[in-house]
Amino acid sequence: MRYYDRLIFELSKKGRTGYSLQAPQVKAECTIPSGLLRAEAPALPEVSEVDVVRHYTNLSQMNFGVDTGFYPLGSCTMKYNPKINEEMANLAGFQGIHPLQDASTVKGVKEVYDVLDSYLATITGMKHFTFKPCAGAHGELTGLMIMRSYHMSRGDMARTKVIVPDSAHGTNPASASVCGLEIVVVKSNANGLVDVEDLKPLLGPDIAGIMMTNPNTCGLFEKDIKEIADLVHECGGLLYYDGANMNPLLGAVRPGEMGFDIMHLNLHKTFSTPHGGGGPGSGPVGVCEKLVPFLGQNVSGFNGNFGVIVRALAYVLMLGKQNLRLAGRLATLNANYIKESLRDAYKLPIGSVCKHEFVFDGLIDDGSATGKPGATTLDVAKRLLDFGYHAPTIYFPLLFHQALMIEPTETESKETLDAFIDVMHTIAAEAAQDPEILHAAPHCAPITRPDETTAARNPILKYQDEA
Amino acid sequence: MTKFAYFPHTEEDIQVMLERIGVKSMDDLYCDVPAEFFHTEEYDLPDAMSEQQVREYFDSLVAKNPKLKVFVGAGAYDHYTPSVIPYLTSRSEFITAYTPYQCEISQGTLRYIFEYQSMICALTGMDVSNASMYDGPTAAAEAMRMCLACTRKKSTVLLSKSLLPTVSGVVETYAKFYGTKLQYIDTVDGMTSLESLKSLLESGEVAGAIVPSISRYGVIEDLSGFADALHAAGAILVEYCDPSALAVLKTPSEWGADVAVGDGQSLGIPLCYGGPYVGFMAVKKEHMRKMPGRIVGETKDGQGRRAFVLTLQAREQHIRREKATSNICSNESLMALWVTIYLSVMGPQGMKEVNEQSYAGAHYLYDELLKTGKFEKVFDAPFLKEFVLRPLVDVKALQTKLYEAGFFAALETEEGYVSFCVTEKRTKAEIDALVAAVKEA
């Protein structure tokens, strides 16, 4: 990666063009009154095609991606994105279809949805899915709408609260808030699991349901899930499954069988579609049989992110039943292998077997014995960039002060994991001897640590703000 | 063990790894899962396909959809996509990247988002754009919540009846659960009525109004007086726009809007049965901290070099949890890149030509359709690339004939009008062929 300091606007030269349109086919005098037209043309760049190609190629070379290196990134499954998926989604026959075409003209498209629906139902133990949600958080919101619609349909209007564990992804409480629900927090116990004794007194006629991810954000399987499900159902509530952590359960455990009534999947995590630098994703929501009538929440303009849905179907077809059974197991194997290989250098607050990810609570020896300030989790993360790795998710979950969360996924080889483990040991040794090396990291990235405080205090949010 | 291209583990690797962990089998790693929930056997799914079989399967699905020339818009527009866009957006470093939280190795993503924000501001005339939303309708729904956040203690948001049904439908869903009261502004001559707006403002409960720049009938809205009326009532104006048309039409800023939202699909994103598209939202500076979604800002790195970071994150869910301005996390980053490259290659001149050609084609089709005697005028008002007519023939039969002739056209509206759209992509020969098919129908 090398530093490249241009913005497309800075390549602009008046009169240059980068497009090729067909010659005007028909002539028409514009009769739109000038009062409805803008005063000046928009300040867009004027660049040639080759300017554009070089500029964005240069920008891309300041980026890390799954295809350039390993992401030991907890909380967001970053597995390999198969290339056949891309080709299928980009088929011209799919790209040209208008979303409002009559059903008789989109039979092949309909089949994509129907087939993926049935496969996801088999994989999750849900009855049916809606594909309208465009991302995971959008799926959460849709799922909570389904939850509320169910209670409202029964005239049960008092259920306005939803229980969220303190270890939950930030989107859980935020989605509940957008859905008009009040949030009640249930605590985790010393083992990092939902504290059933803390949960019991929270349950009552005002509870719409509980949002859980299992395995939870510490990568731990919620062993008491059956008891939790029974308690929530007895009080009249529903169980929502946050599918962000579904990967280790692929081919091994079905959320529907654990008692979950509603769930979303992140196709851009568990089903191998690319993250795209933050989307497009897809967050289909599945429900149990009694909730199927509430599945049709109108939460996006058309039919969801069809292009992403095609990619996910291609992935499931490639996996088949044989490889699906292995996917979750190998992801779990990889995570436990790293955990056991690094617990001599990093604090492991909860030592039990993990699923797809696990959490360290910082370095065992942070170097503060040298008299210098000790190396933090942030420092470890930034130092990893120098060695050609993406950083793990840090300071989440909020249960640990120096949380460093690692999820390798099943698509990484033993050699990749071994090399990463070596580097993590090297960094730990550096920290113990001279934490300064870590404070100043990264040393080899296109930029060093930026001044985020100034960015927020004096926001420059568009090109024109600079002058 | 099955050999599979995406799993690099050999049998030996697995054994060595299990030994390091201290368990006998991979199933032992699920010892914490109650046995009743753990599946040791394969699920009832098909066998794994080869890549060639997958390809043949999707080819067979594509073959089931007739290829149609699109003469409908209604929120999804068939503009031409220059080749450089799919080529560049397919680059691994863009498409396989994570959200740019690690800014030091994400300067590519952060820079294009900054450029995207700049271009959205250039089109709308607004001060600040976020990094993208899911689609136009969800951006409008978020704008509804912003109306409430920007104006204290008000309960009601107004929606123009001239908004596309795909937009108002999603806003209604969000409003129902968020507990927002919606009221509807009437239309006159295919446009939002200022008189109706003014009478609704008398309640004193209105936080804002969402009004389109082009009505669902294709009519270019005249929003004179809207911002003043709303501001006088302590409410804000949200304009729902087609960003392609904004290259020529009066901007939300010029109309005095506080928030501009819409769908970036019209900026060269393929129809793709409705997605992925990209919603946009841009606001006046005073509303910046109420805005949902990610925002990229410029700063300097430790060596004084220009650098870009995610900023103003105290609004977002991963920091504020239930007190965040929105629950949005993943957005449509790669589609924001798509739009940015489109606007770069088109430039101001290309955008003007796209609109001129669409205008000319649409007006030619409008005149030719009226000449067939099978339709009559509904509105006598300025339009750009989309219009409605009143059919004098059976619409279902007409549509079927047009499908058979290879066209998607004459979309029926709730009022029983038929809607048409022409972009620069349609040739005169295609328009003439459509008119001929209408005549024969």
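Small disclaimer: the values here were computed from a predicted structure and weren't measured. Chain A is the first sequence line, chain B the second, and so forth, proteins listed ahead of strands; every chain is numbered from 1. All values below were derived from every heavy atom in this structure, side-chain atoms included, with hydrogens, water molecules and symmetry-related copies excluded.
- With hydrogens and angles left out, the side-chain atoms of B/Asp44 and A/Thr122 include no donor and acceptor closer than 3.5 Å.
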Which is it for A/Thr31 and B/Tyr359 under the side chain to side chain donor-acceptor pair (under 3.5 Å) test, yes or no, and what are the steps along the way? CA-CA 10 Å; A/Thr31 55; B/Tyr359 176 92; 2.8 Å; yes
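- Contact of A/Tyr56 with chain B is made through backbone and side chain together, with heavy-atom distances under 4.5 Å.
- Interatomic distance, A/Asp451 CG to B/Glu298 CD, rounded to the nearest 0.5 Å: 12.0 Å.
- We find that B/Asp301 and A/Arg449 are not joined by a salt bridge, their nearest charged nitrogen and carboxylate oxygen being 4.0 Å or further apart.
- For A/Gln95, the parts sitting under 4.5 Å from any heavy atom of chain B are the backbone and the side chain alike.
- In this structure, chain B has heavy atoms under 4.5 Å from both the backbone and the side chain of A/Asn334.
- The side chain to side chain donor-acceptor pair (under 3.5 Å) search around A/Glu340 returns A/Arg343, not counting sequence neighbours.
- For B/Leu411, the part lying near chain A is the side chain, with the backbone staying farther off; criterion is any non-hydrogen pair under 4.5 Å.
- Here A/Tyr337 pairs with nothing under the ring pair (Phe, Tyr, Trp, His ring centres under 6.0 Å) rule; sequence neighbours left out.
- Looking only at distances, a side-chain donor or acceptor of B/Tyr43 sits under 3.5 Å from a matching main-chain atom of A/Ala252.
- With a 4.5 Å cut-off on non-hydrogen atoms, A/Lys79 does not touch chain B at all.
- Here B/Gly302 is the residue among B/Cys121, B/Gly302, B/Ser326, B/Cys329 with the most heavy-atom pairs under 4.5 Å with chain A.
- Looking at A/Leu324, only its side chain comes within 4.5 Å of chain B, counting heavy atoms on both sides.
- With a threshold of 4.5 angstrom between heavy atoms, A/Met145 approaches chain B through its backbone and through its side chain.
- Atom NZ of A/Lys226 sits in a sparse spot, with 12 or fewer heavy atoms from other residues, nucleotides or ligands closer than 6.0 Å.
- Of the atoms belonging to A/Thr57, heavy atoms from both backbone and side chain fall under 4.5 Å from chain B.
- For A/Met78, the part lying near chain B is the side chain, with the backbone staying farther off; criterion is any non-hydrogen pair under 4.5 Å.
- Residues A/Tyr19 and B/Glu353 bring a donor and an acceptor atom of their side chains to less than 3.5 Å of each other.
- In this structure, A/Gln22 CD and B/Arg426 CZ are separated by 9.0 Å, a value rounded to the nearest 0.5 Å.
- Heavy atoms of A/Glu412 lying under 4.5 Å from chain B belong exclusively to its backbone.
- If you measure heavy-atom distances from A/His390 to chain B, the contacts under 4.5 Å come from both the backbone and the side chain.
- Both the backbone and the side chain of A/Pro446 come within less than 4.5 Å of a heavy atom in chain B.
- Judged by distance alone, the side chain of A/Asn298 and the main-chain N or O of B/Thr173 form no donor-acceptor pair under 3.5 Å.
- With a threshold of 4.5 angstrom between heavy atoms, B/Tyr30 approaches chain A through its backbone and through its side chain.
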Assess the residue pair A/Tyr3 and B/Gln303 against the criterion (side chain to side chain donor-acceptor pair (under 3.5 Å)); give the C-alpha distance rounded to whole Å, side-chain angles, the decisive distance to 0.1 Å, and a yes or no. CA-CA 12 Å; A/Tyr3 184 70; B/Gln303 297 177 20; over 6 Å; no
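- For the atom pair A/Lys27 NZ and B/His363 NE2, the distance stands at 16.0 Å (nearest 0.5 Å).
- A distance of 9.5 Å separates CG in B/Leu18 from CG in A/Asn336, rounded to the nearest 0.5 Å.
- Counting heavy atoms from C-beta outward, A/Leu461 and B/Val296 have side chains that stay 4.5 Å or more apart.
- Under the 4.5 Å side-chain criterion, counting only non-hydrogen atoms from C-beta, A/Ile225 is not in contact with B/Val33.
- For B/Ser344, the parts lying under 4.5 angstrom from a heavy atom of chain A are both the backbone and the side chain.
- Under the 3.5 Å distance criterion, the side-chain polar atoms of B/Asp135 are left unmatched by any main-chain donor or acceptor of A/Ser300.
- With a threshold of 4.5 angstrom between heavy atoms, A/Tyr4 approaches chain B through N, CA, C or O but not through any side-chain atom.
- In this structure, the side chains of B/Ile14 and A/Leu330 come closer than 4.5 Å at one or more pairs of heavy atoms.
- In this structure, the portions of B/Asp222 lying under 4.5 Å from any heavy atom of chain A include both its backbone and its side chain.
- Here the CE atom belonging to B/Met346 is positioned 12.5 Å from the CD atom belonging to A/Glu46, to the nearest 0.5 angstrom.
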Please step through salt bridge (Lys or Arg N to Asp or Glu O under 4.0 Å) for the pair B/Arg111 and A/Asp5, ending with a clear verdict. CA-CA 9 Å; B/Arg111 273 190 189 242; A/Asp5 189 32; 2.8 Å; yes
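- In this structure, chain B has heavy atoms under 4.5 Å from both the backbone and the side chain of A/Arg38.
- Between the side chains of B/Tyr112 and A/Ser60, no donor N or O sits under 3.5 Å from an acceptor N or O.
- Within the 4.5 Å cutoff, the side chain of B/Glu332 has heavy atoms near those of the A/Cys134 side chain.
- Counting heavy atoms from C-beta outward, A/Ile32 and B/Val248 have side chains that stay 4.5 Å or more apart.
- Interface residue B/Tyr57: only side-chain heavy atoms are found under 4.5 Å from chain A.
- With a 4.5 angstrom heavy-atom cutoff, A/Ala314 touches chain B via backbone and side-chain atoms both.
- Side-chain N or O atoms of B/Thr299 include none that pairs as donor or acceptor with a backbone N or O of A/Pro450 at under 3.5 Å.
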